[in-house]
Participant: 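Here it is: the structure, laid out below.
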Amino acid sequence: MKIIESLKIKEKVYIEKLENGLTVMIIPKETTNKKYAIWGTHFGSNNNHFIMPNTNEEVYLPDGVAHFLEHKMFEQKNGKNSLDTLMALGVDANAYTTNNHTAYLFESTEHFEEAFSELMDYVQNPYFTDENVEKEKGIIGQEIGMYDDDPGWKLYMNALDCLYKNNAIKIDIAGTVESISKIDKDVLYKSYNVFYHPTNMVMVLCGNFNPKEMIENIKSKLIDKPKQGEIKKIHPEQNLDINKKYKEENMEVSKPVFMIGFKDIIETENIIQRHIAIEILMNMLIGKSSPLYQKLYKEGILLAQPDLDYEFGDDYAHVLIGGQSKDPEKVKEELLEEIEKQKQNIDEEHFNRIKKKVYGDYVVEYNDISDISRMLLSDYFKGINSFDYIEQFQTVTLEYTKQILQEVFDEKKCIMSVVKTK
Amino acid sequence: MREEIIDIKEGIKFHKIQTNKFKTNLFAIFLNTPISKENVTKNALLTSVLRRGTKELPSQELISKTLENMYGAGFDCGIEKSGDYHTIKFYLEVINDEFLPKKEDLSKKALELLLSIVFDPFEENETFKEEYLEQEKENLKQIIEGKIDNKSTYAFERCIEEMYKGKPYGLYKYGYIEDLEKITSKELYKYYLELIQNCKIDIFASGELDEKITNFIKNDKNINKLEARKFDYDIEDKKEEVKEPKIINDSLEVTQGKLVIGLDVLSDEENVSYITMVYNTILGVGANSKLFQNVREKASLAYTCGSNYMKRKKIILIRAGIEIENYEKAMEIIKEQLENIKNGKFTDEEIKNAKNLIFANINNIEEEQDTEITYYLGQELAKCNITIDEYRQKIEQVSKEEILKIANSIKINTIYFLKD
């Protein structure tokens, strides 16, 4: 078993790759009474084009298969629903799908063993019939409709449309009513068998655990699966240029909402340092204490600090700054001006202050076992060790940050999506 | 017991919660006062004016910079109705000194800052700054007017308002526009000075705390300014049985109707609140409850259906979002569920599942700093002193007979329906 330790935040993670290929990560926390288990597969809405490992067959999936599978996994052959079974035990259970992974989880203070057996059982035993697959189309159709009515989701999807011409991240996680109509039980079994193979999955446990005992516990509950080679996932070619500068839509909102984006290159070498530097820069440009935010707040153009985000994966990377304003154009214009100003002259005191704040934000993530587990899982699928954010923090210098400011916050790579009042 | 209570002065208590579960220390100050129509709006406005600046840091920008320099310390404030109390809440969360890249006494600084936000606000000639007051009046106005935006919370609030018409608990926690407009800077400042000299003050600290923290609070210059105060406020809670349920219909532009049914628990039994908790969970908490299973799963009448128990007022509120034309049908099924429990039509399994859910919540109290603080504040205000283990035992002991007895004491007080 491999052990990685962070002395700064006093946490340890035990990592074991089992014989069947499943990776298990355990973060023991002796001081908590809670236990958290999350089991994820490296299969999300982006993965709609791949080569079958054992047959070399090239496969295109209809959009929304990963999410459809997530819905159907709870259904059991005996007619029971695993989610109800877990709830009756008093544990908090859930599942979710992102663009690159799907995860099944629960948090418990009691009945961990029963709940854990249920989790391992339902994730390993799919039960799809023509009938239960058809029934689900109606339910997921409702969910898609709900998202269509959500201005925040529309805003985000339109921002992605501005940033990328051809990229799987533009696919709606749930798919469309049209695309899910093509899903049947064979498509689900085929995808399940390839992507829910232990070699493509990771399990993270956080709480009052004994790592050695847990590894044995997991092994005893695993079902034998045939060996499988690597799944070759195919991504569309990447283009550095943006797709379009601006997209606008009208919906039921009390005040316009906006999202300003900057397309970034896909960095593999220094991704953590880059991420930290961008986090600092977004705060310096338009965070709570920044001169720009203070100005726009006084003028009544911004009423709350915008949400700041840097998203990246195998084939995408971008900055997103989103908020609500009566005048989104003005926000963008002033932001671009502020960027130029800081490119000329970056305030060192400001930099040091924000650097401290960002460090604090990373430490606070380790307060909660569910935050820890989800972060480790999603970073794992990105090929990142979460502790590195804490370890590499001091290496992010003012000089490096200035260089990233020049590189990333470039007007030519800037887009804006706006949803306006009807 | 993890909580240690220290009397700083009469009417001012310090609650110290020593715990090593977290990377952060959380500090909180609560100003508790009886809720009244006269003061409810002032309390709400005061909360947001106080966060605008202290004597030392007279603007929000300076406060933000200070918080960032404290490794992104998190400040928050708000206002809550807890039974017949109105509580003004302030929180500050900082990283425990142990996890800082460089040693410094961050927790002490944080506590000092929080105390000065509450007790040493920025003022000019014994008034709050006009600019801050005007901006915060505008913000509060938007919050009060925005009450209508979330239809399901609105219906919930309206039902309580109708159940407690003319009584303190029926007041809206953010106050009223007509009162807001009249408040002047001078008047609010005068009110503030009175409030901090008379209200019940509870200061909380949770985390890996320094031994000297109690002395530090006792000797803080802002605490020294405060006088001892007599605070004796007994919540009157006499319930009269209603003969016929009150029926209230409101109209707003909604596509989905919002049904809220207010129930009175008319029992004075000693353990009524624990028994009712189990009763309420069987009735309407979670996916295995009677309401969820029958109104949603079986009859497909509602997207959401469940119930909340308001312990301090001994009431239960059932909520359902339904198609407007399904009102009669939904009422029928909901009443049937109430009758079924009265007649003992619930299984030991349902009791077990309900207790499991409650245990999960109890076990969670010590796992979240703000949840634990809220729990102990509730105990303080209810003048009750039950450890988490005792709480658990009380739930464990609830029997089917006791649930039946409670079920038969429950009467519908108000049926509220929001439709188009």
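Within every chain, numbering begins at 1; the chains are lettered A, B, ... in the order of the sequence lines, protein sequences first and strands thereafter.
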Participant: Sequence neighbours left out, what passes ring-ring contact (aromatic ring centres under 6.0 Å, His included) with A:Tyr96? Give chain and number order.
Facilitator: A:His101
Participant: Which N or O donor-acceptor pairs, by atom type, sit under 3.5 Å across chain A and chain B?
Facilitator:
unit_1   : atom_1 : unit_2   : atom_2 : d
A:Ile9   : O      : B:Lys23  : NZ     : 3.2
A:Lys10  : NZ     : B:Glu98  : OE2    : 3.3
A:Glu11  : OE2    : B:Lys23  : NZ     : 2.6
A:Thr31  : O      : B:Lys21  : NZ     : 2.7
A:Thr32  : OG1    : B:Glu367 : OE1    : 2.5
A:Asn33  : N      : B:Glu367 : OE2    : 3.0
A:Asn33  : ND2    : B:Glu367 : OE2    : 3.2
A:Lys34  : NZ     : B:Asn364 : OD1    : 2.9
A:Ala88  : O      : B:Asn356 : ND2    : 3.3
A:Thr109 : OG1    : B:Asn363 : ND2    : 2.9
A:Glu110 : OE2    : B:Asn363 : ND2    : 3.0
A:Glu110 : OE2    : B:Arg392 : NH1    : 2.6
A:Glu110 : OE2    : B:Arg392 : NH2    : 2.9
A:His111 : NE2    : B:Asn356 : OD1    : 3.1
A:Ser289 : OG     : B:Glu68  : OE1    : 2.6
A:Ser289 : OG     : B:Glu68  : OE2    : 3.0
A:Arg353 : NE     : B:Glu68  : OE1    : 2.9
A:Arg353 : NH2    : B:Glu68  : OE1    : 3.3
A:Lys356 : NZ     : B:Asn69  : O      : 3.3
A:Tyr359 : OH     : B:Phe99  : O      : 3.4
A:Asn367 : OD1    : B:Lys23  : N      : 2.7
A:Asn367 : ND2    : B:Thr24  : OG1    : 2.7

Participant: Measuring centre to centre across the rings, with the benzene-like ring taken for any Trp, is B:Phe204 within less than 6.0 Å of B:Phe27?
Facilitator: no
Participant: What part of A:Ile9 is in contact with chain B, defined as an atom under 4.5 angstrom from a non-hydrogen atom: side chain, backbone, both or neither?
Facilitator: both
Participant: List the atom of B:Leu50, the atom of B:Ile117, and the distance in Å for their closest heavy-atom pair.
Facilitator: O-CG2, 3.7 Å
Participant: If you count heavy-atom pairs under 4.5 Å with chain B, which of A:Gly90, A:Gly300, A:Gly287, A:Ala88 comes out on top?
Facilitator: A:Ala88
Participant: Go through B:Gly286, B:Pro101, B:Ala73 and name the one with the most non-hydrogen pairs under 4.5 angstrom from chain A.
Facilitator: B:Pro101
Participant: Relative to the ring of A:Phe106, is the ring of A:Phe116 parallel (under 30°), tilted (30 to 60°) or perpendicular (over 60°)?
Facilitator: tilted
Participant: For a 4.5 angstrom cut-off between non-hydrogen side-chain atoms, does A:Ile321 reach A:Asp307?
Facilitator: no
Participant: For a 4.5 angstrom cut-off between non-hydrogen side-chain atoms, does A:Val396 reach A:Ile280?
Facilitator: yes
Participant: Measure the shortest side-chain to side-chain distance between B:Leu113 and B:Leu67 over non-hydrogen atoms and say whether it is less than 4.5 angstrom.
Facilitator: yes
